[in-house]
Amino acid sequence: MEFIDLAAQRARLKPQLEAAVAAVMAHGRYVLGPEVAELERRLAERLGVAHCIGCASGTDALQIALRGLGIGPADEVIVPAFSFIASAACVRLVGARPVYVDIEPRTCLLAPGGLEAAITPRTRAILPVSLFGQCADMEAIAAVAERHGLAVVEDAAQSFGATRHGRPSGALTRLATTSFFPSKPLGAYGDGGALFTDDDDLAAALRSIARHGEMDACRHGRLGMNSRLDTLQAAVLLVKLAVFDDELARRRAVAERYDRLLAPLAVTRPALAPGNTSVHAQYSIQLAGRDAVRARLVEAGIPTAVHYPAPLYRQPAVADPTCRLAACEAVSARILCLPMHPYLKEEQQERVAEALATALEAEGGA
Ligand SMILES: *Cc1c(COP(=O)(O)O)cnc(C)c1O
């Protein structure tokens, strides 16, 4: 059993993928070829936003977003402390300081109740992360941001395809980012990312930043980055996009089966916040004695992952030794992600549930 089975997806799409890659090699426009513009157009259309800007990774997308908003040294950006390292690293990479807030323990999403206390005169933006496939309480976050004149950037690296009150993740804020890392719900065969915005001037600035700060042909008005989505990756993503909605339906079915199979066990199942649909980037349970149970699952041949074993304020690269947030502490000690992908079979899920029941029992019904 695989934690994320990319081979099953590849088997389904093999002829289309090989044709798409061969077409790029034949036309030879490896950088900013026609597939990039086509993908940007399709993704913007899907989200109902004016602009999609492809770039080299989700991490670059976050950094380009912060630079596009003019955030730099002496600025602060509010970040949930339970996330992937990139959520805080992007802030440090532009010279600003991440200020951490706590999460809602059941959904693992930014808890808006902690925002006001984290705001200082230096705060410029809030960076909510749509973790594990669903959006945070964007209305509550927007209300605080509006009161204090702050930008909101949604990190939709794990939530492309999700909705909140019927509106797509990536289109809920003036600016949003996503990632096409292979294991994300919409994943390429290498690194890739994108930014989404309705704002024409901001879009032009973001594009310029991602392309060496170019203003017009060969005139570089600002210090930029070299961050583009490869044509080959765009070609792969166009093929995968054709089956993406079918894959989302399969992901939902897999999550619902887990919900049923795990209901009798002493674990906390993931919760969907009101108004949300999730793309189930992860199926994350919470349990006592996580490490011992996980070791037993390894022995039983069940692959699992711990996203994330420590709050960001304890990661040396972005540490804040004065910070300690109760839900982040509790969740990082209890979280366990089970195998999750659109092609997971019912019998495999039954094996996961049985192995988990056995492991919990052996650990004294922990
Ligand atoms: C994956 C991820 C990123 C970074 O994306 P890359 O494409 O790997 O650079 C950022 N934020 C979150 C929440 C992610 O899961």
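Indexing begins at 1, ligand by ligand and atom by atom, following the structure's order. Residue numbers count from 1 along this sequence.
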Is NZ or CZ of K184 both nearer than 6.0 Å to the six-membered ring centre of F84 and within 45° of the ring axis?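 So K184 does make the cation-pi contact.
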Is there a donor in the side chain of [X] and an acceptor in the side chain of [Y], or the other way round, less than 3.5 Å apart?
| X | Y | result |
| --- | --- | --- |
| Y189 | R10 | no |
| S208 | R222 | yes |
| D200 | H51 | yes |
| Y308 | Q315 | no |

Which of these, [options], has its nearest heavy atom closest to [atom]?
| atom | options | result |
| --- | --- | --- |
| atom 8 (O) of ligand 1 | F181, F132, F180 | F181 |
| atom 6 (P) of ligand 1 | S183, C55, A56, G58 | G58 |
| atom 10 (C) of ligand 1 | L127, D155, L131 | D155 |

Does T177 use its side chain to pair, donor to acceptor, with the backbone of G58 at less than 3.5 Å?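 Not confirmed, T177 side chain does not pair with G58 backbone.
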State the atoms of ligand 1, each with its element, that fall below the 4.0 Å cut-off from a heavy-atom position in V129.
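Answer, ordered by atom number: 13 (C).
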### Query
Numbering the atoms of ligand 1 from 1, which are under 4.0 Å from a heavy atom of Q158?
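The atoms of ligand 1 under 4.0 Å from a heavy atom of Q158 are 13 (C), 14 (C), 15 (O).
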Based purely on interatomic distance, does S179 place a nitrogen or oxygen under 3.5 Å from a nitrogen or oxygen of ligand 1?
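So ligand 1 has an N or O lying under 3.5 Å from an N or O of S179.
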Checklist entry - In terms of hydrophobic clusters joined by side-chain contacts under 4.5 Å, are V239 and M25 together? => result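 Yes.
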(Q) Give me the nearest non-hydrogen protein atom to atom 3 (C) of ligand 1 as residue plus atom name, then the distance to 0.1 Å. (A)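 Here the closest protein heavy atom is F84 CD2, 3.6 Å.
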* To do: Could you tell me the residue and atom name of the protein heavy atom closest to atom 1 (C) of ligand 1, and the distance to it rounded to 0.1 Å?
  =>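 Protein heavy atom with the smallest distance to atom 1 (C) of ligand 1: K184 NZ, 1.6 Å.
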> Any idea which part of T59 is under 4.0 Å from ligand 1, heavy-atom wise: side chain, backbone, both or neither?
Replying inline: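 Contact part for T59 vs ligand 1: both backbone and side chain.
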- Query: Is ligand 1 under 4.0 Å from a heavy atom in the side chain of S57, in the backbone, in both, or in neither?
  - Reply: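 For S57, the contact with ligand 1 is made by both the backbone and the side chain.
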